[in-house]
Amino acid sequence: MKIRTIETFILRVPLGEKRFYSSQAAFPERSSFLVKITTEGGLVGWGEGGQYGPPEPPATCVERVLAPQLIGRRADEPVRIFEDLYAFSRDFGQKGTYIEALSAIDIALWDLWGKSLGKPVHALMGGAFRSAVPAYGTGCYYPDHYRDTERMLRELGEEARGYRAAGMMAIKLKIGLVPIALDAERLAVVRNAIGPDVALMVDANHAYTSASAIRMGRALERHDVLWFEEPVPPEDRQGYRRVRDAIDVPVAGGECEYTRFGFRDLLLGECIDIAQPDLCCSGGFTEWTKILALTSSFGVLTLPHVWGSGVAVAAALQAIAVAPPIPFTAAGVPLQNEPMIEYDRTHNPLRDDLLTEKFSLVEGALTIPTGPGLGITVDEKKLARWVVTTPDR
Ligand SMILES: [Mg+2]
């Protein structure tokens, strides 16, 4: 089973009036970078690389640098290929673009390997702990009209009530774009809308200094918030520790971290209670299994960060299937010792319409696909609608 071709796809969907803000930026569009690897026998594997950043750098990295090294190699050796390519790019690509490109290749190779054996990726990684996983809704971003406070707060309450009505047992609110007092008001609106039984998490996307994060943390304590995600910039390890020591809310992070080496440092630095590697950034399934080994040895619950297309959602579902309860109990409790899957609820046709299959919530949970590989089918006719071609590609 040798690799014959590696194709890359940059997908873009403008959001128009649906654009929204996190603490860091406006989102005027959704984009994804996909890789399609085909073997000499005609088997096809799909992978995705990157998350918030522009898709062109990892695409170029695959096209110009990595793909030429892989044509003709065995496709059923994803771990070895990852190690070879990581060693090749170590001196210049330990984080960022190269690892995003490697992640896309790795996910596609595991998909291919599973398809060649007729088994889902979670079976190749050693077996699933669960067949479905409760989902938490990521939403409650800032609208384009966030300066119209009254309207923003009214719509926020309506959005949060909608998630509760859809059966979600947990939702995540974005914070950090506006002053702490107004975010505390937003928090109260959401808590009132969902009631005491739905779990509430917040994500600052590293908007604060540790001192500001601790001030925000006091408001989080009052509203029984389950975790405080990315309170400070990812490089500020000492800030993470200060926040974690000062407040009675667990600290989550890791979506901007790469490979087992990055997570080793987060763990040794005692920065996080919950680790959130993104499969499409941190090194695909190959690094996921190694990050899991590290986090489980530190007693840290590990939940994939998920932001991309349907391919990214499928990869995260395969990955979360093999995450053990931490610690083990006879009957796991979601978000206590059992993982949940992040389920982005913002508008994104690349997530909802790219695949032949549909992800849907059943009693608040997503089913883990059991078909070969990732267990999904990319609809290439639909994909063609969103592919961007530029003169130099
Ligand atoms: Mg986040």
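Just so you know, ligand 1 is whichever comes first in the structure, and atom 1 is the first atom listed for that ligand. Given the structure is predicted, the values throughout are model-derived calculations rather than measurements. Nothing fancy with the numbering, it's 1 onward along the sequence. Heavy-atom basis, side chains included; hydrogens, waters and symmetry copies ignored.
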In terms of relative ring orientation, are Tyr98 and Phe92 parallel, tilted or perpendicular, with 30° and 60° separating the classes?
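Geometry flag for Phe92 against Tyr98: perpendicular rings.
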When you check the gap from the basic side-chain N to the acidic O, do [X] and [Y] get nearer than 4.0 Å?
X      : Y      : answer
Arg4   : Glu40  : no
Glu230 : Lys172 : no
Glu257 : Lys95  : yes

What number of protein N, O or S atoms occur at distances under 2.8 Å from the Mg ion (ligand 1)?
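Of the protein's nitrogen, oxygen and sulfur atoms, 3 lie under 2.8 Å from the Mg ion (ligand 1).
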Quick check on the 6.0 Å ring-centre criterion: do Tyr240 and His206 meet it?
no
List the residues meeting side chain to side chain contact (heavy atoms under 4.5 Å, CB included) with Ala323, not counting sequence neighbours, and say none if there are none.
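Counting only residues at least two positions away or on another chain, Ala323 forms a side chain to side chain contact (heavy atoms under 4.5 Å, CB included) with Arg130, Trp288, Leu292, Pro339.
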